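Note that the structure is predicted; figures quoted are calculated from it, not measured.
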Amino acid sequence: MLPLIVFAVGIAVYNYKQDRNDATRRVLENVRSMRLVLDSEVQRMTGGLQVLALTNSLRNDDFQNFRRIALGFVDQYGKGGLVLISDRNGRLLFSSATEDTASLPPRGHIEIIEKVFATRSRQYSDLFTGAINGRQVLTVEVPVFRNGEVIYDLCFSPPISIFQDLVEKQQPDKLWTVSLLDNKGIVFARAPNPSETVGKRASPSLYAEMFRSSEASLPAVSLDGVALAGAYTRSQLTGWTVAAGVAESSLIAPLWRNIAITSLIGGILLLTGLTFAVRMATTIARGEMLHDLLIDELNHRVKNTLALMQAIAVQTFRSSSRDERTKFEGRLGALAEAHNLLSQEKWAGSELRHVIARALQPFLLNNPERIRMAGPAVPLSPRLAVVLSMIVHEIATNAAKYGALSNETGRVTLEWEVIADAPKPRLRLIWTEIGGSPVTAPVQRGFGSRLIERSARDQLGGEATIDFLPRGVVCTVICTLDETR
């Protein structure tokens, strides 16, 4: 009996090592997925702030009118958000919290303001104590341009609770520890025990490793003293780090349980033969953990794909201009938003109005009434939802730069209908602009126009036409609807 038990225990230990390697890989894939979710949220926040920076009221120093727009932006993030405008020296010119700017203290964290003016690009801060509310905050900062020169720093301090909610939603279960850390390794959101750990430096085992490379798997000890099989990855967008780990005890417990079961069953099955005993031991040892592994891998497959696209984009555009990076990141952000919407619906498709509203959200901050949408309820397959989201984002971006959304008076009508005069029903979507800048047909077709036309033709099997009429641009997209369940 003893040789059989030793043999079965050896198999259990071998399988434990294999399953532990699988668990370590799963932790790394999870932190990559969490980083993608974090980047998507921050990118949406940054895009909205960049739209605010383009408003005429701000560039014309009309802070009274700008207050209404800024408060609309802050309201979507809930209580605790704050928009600030400061000059090069850190002097506050505007605060969404009060109209009495004369009594406001100088801006805190002056270094990030200097970096915005020096680099002429967006910046993301580390955790610091805000000068106005005295609370620990993070900021997203973008430059405001006038005649090609940076005139202001536009700052948004979102409620820290946004990031805490994100961590708690992404935590797979209570045996996992998930943390968000700034560029200096300071925790700004965590599960579990956020009240005891936010504001503290990462545990020594993680802190010693996280600055050596942008991503790694490692054994670590949490701030709570729990041994973890962990991993971390750093965002190329913000420089912030996502770290997570599963308790080592949850991996070792099945080993001891399986060894005990194997020993018991090995003795009982000795009478029926060695072959049957080994088969049962192997099945019992591996079954439960392999099942959990396959379920987790299925749930995160799509988000891991988007994380890979994010990494490729960062490498590809490292030496490109800021405008090219902004355009590509906007398109990638639109794709991520479409995937987030589909994830909420468990990839069963989505409704056309929801897809359009999600794609147009950054362009509705100044005045939600500027874009009027009308049309019936149209269920979309996942394929159509993703492609149409990209097309609508591209049309709206062009309108914000050159068309009806580039001033305060322009208006857009977005109408759609289902045409049922063919074997398969078709969708016709019409974007009509009025009141924008004077329209002249471009000499050359830009990349955005080609993207719209090719996406409609090659990916939707339909067509897109863009007419540059004197009163404004009219874009028509026609495609065949897929069957949805």
Side-chain angles (χ1 to χ4, degrees), residues 33 36-37 40-41 43-44 294-310 312-313 328 330-364 371-398 412-431 448-466 475-485:
S33 297
L36 178 64
V37 174
S40 177
E41 177 63 28
Q43 208 154 35
R44 184 174 73 90
L294 291 173
I295 291 297
D296 285 341
E297 287 178 346
L298 180 62
N299 287 338
H300 289 88
R301 183 176 299 171
V302 172
K303 288 186 177 180
N304 289 343
T305 301
L306 287 177
L308 179 61
M309 291 176 63
Q310 183 86 7
I312 293 173
F328 188 84
R331 290 163 184 148
L332 191 58
L335 179 62
E337 284 295 319
H339 278 260
N340 285 340
L341 182 60
L342 289 171
S343 294
Q344 293 174 8
E345 303 297 334
K346 299 189 183 299
W347 284 85
S350 188
E351 211 276 322
L352 175 60
R353 184 179 294 272
H354 295 162
V355 172
I356 292 175
R358 195 87 170 219
L360 294 179
Q361 186 175 17
F363 304 93
L364 297 176
I371 302 179
R372 184 179 68 84
M373 294 181 286
V378 181
L380 299 178
S381 67
R383 181 181 68 90
L384 282 178
V386 171
V387 178
L388 284 175
S389 176
M390 294 289 292
I391 290 176
V392 171
H393 168 81
E394 200 65 36
I395 297 173
T397 299
N398 289 337
V412 173
T413 300
L414 184 55
E415 301 174 301
W416 62 88
E417 62 178 349
V418 176
I419 307 170
D421 60 353
K424 283 189 176 182
R426 294 180 297 160
L427 171 69
R428 178 160 57 201
L429 187 148
I430 304 174
W431 171 284
S449 298
R450 296 198 303 272
L451 175 65
I452 294 169
E453 293 169 353
R454 290 177 180 174
S455 296
R457 182 184 68 239
D458 300 337
Q459 299 183 53
L460 299 182
E463 62 178 353
T465 59
I466 304 175
C475 182
T476 304
V477 178
I478 300 176
C479 65
T480 302
L481 292 171
D482 294 336
E483 292 185 6
T484 57
R485 294 182 294 172

Asks: Can you find a heavy atom in the side chain of I478 that is under 4.5 Å from one in the side chain of L460?
Replies: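 Counting from C-beta outward, I478 and L460 never come under 4.5 Å.
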
Asks: Before giving the answer on side chain to side chain contact (heavy atoms under 4.5 Å, CB included), spell out for L427 and L384 the whole-Å C-alpha distance, their side-chain angles and the decisive distance to 0.1 Å.
Replies: CA-CA 11 Å; L427 171 69; L384 282 178; over 6 Å; no

Asks: Taking the side chain as C-beta and beyond, is there a heavy-atom pair between R44 and Q361 under 4.5 Å?
Replies: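 SC-SC contact between R44 and Q361 confirmed.
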
Asks: How long is the gap from CE on M373 to CH2 on W416, to the nearest 0.5 Å?
Replies: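 One gets 6.0 Å once the value is rounded to the nearest 0.5 Å.
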
Asks: Which atom pair, heavy atoms only, marks the closest approach of A456 to I391?
Replies: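 Nearest heavy atoms, A456 then I391: N-CD1, 4.1 Å.
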
Asks: How many angstroms lie between CZ in R428 and SG in C479, if you round to the nearest 0.5 Å?
Replies: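 Reported value, rounded in 0.5 Å steps: 12.0 Å.
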
Asks: Between R372 and A374, which heavy-atom pair has the shortest distance, and what is it?
Replies: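 The answer is NH1-CB, 3.7 Å.
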
Asks: If you take all heavy atoms of S381 and D482, which pair is closest and at what distance?
Replies: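 That would be OG-OD2, 2.8 Å.
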
Asks: Got a donor-acceptor contact below 3.5 angstrom from the T397 side chain to the H393 backbone?
Replies: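 It does hold such a pair.
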
Asks: Rounded to the nearest 0.5 Å, what's the gap from CG on L388 to CZ on R383? Could you check?
Replies: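 Atom-to-atom, L388:CG and R383:CZ are 9.0 Å apart.
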
Asks: Do you know which two heavy atoms are closest between I356 and L429, and how far apart they sit?
Replies: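 Nearest pair, atom of I356 first, then L429: CD1-CD1, 3.9 Å.
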
Asks: How far apart are the closest heavy atoms of V355 and A385, and which atoms are they?
Replies: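 Heavy-atom minimum between the residues: CG1-O, 3.6 Å.
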
Asks: I'd like to check I466 versus N398 (side-chain heavy atoms, cut-off strictly below 4.5 Å). Are they in contact?
Replies: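 In short, these two side chains do not touch, never coming nearer than 4.5 Å.
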
Asks: Which value, rounded to the nearest 0.5 Å, describes the distance between L451 atom CG and E394 atom CD?
Replies: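 Between L451 CG and E394 CD, I get 5.0 Å after rounding to 0.5 Å.
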
Asks: Is there a donor-acceptor contact under 3.5 Å from the side chain of E351 to the main chain of V378?
Replies: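 Yes, E351 side chain to V378 backbone: donor-acceptor pair under 3.5 Å.
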
Asks: Decide yes or no on salt bridge (charged side-chain N to carboxylate O under 4.0 Å, His left out) for E453 and R450, but give the supporting numbers first.
Replies: CA-CA 5 Å; E453 293 169 353; R450 296 198 303 272; over 6 Å; no

Asks: Once rounded to the nearest 0.5 Å, what's the spacing between atom NE2 of H354 and atom CZ of R358?
Replies: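 Rounded to the nearest 0.5 Å, the NE2-CZ separation comes out at 10.5 Å.
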
Asks: Could you check whether any side-chain heavy atom of L414 comes within less than 4.5 Å of a side-chain heavy atom of L360, counting everything from C-beta outward?
Replies: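 Yes, their side chains come closer than 4.5 Å.
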
Asks: For the residue pair E417 and P376, what are the closest heavy atoms and their distance?
Replies: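 For E417 and P376, the tightest heavy-atom pair comes out as CA-CD, 4.3 Å.
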
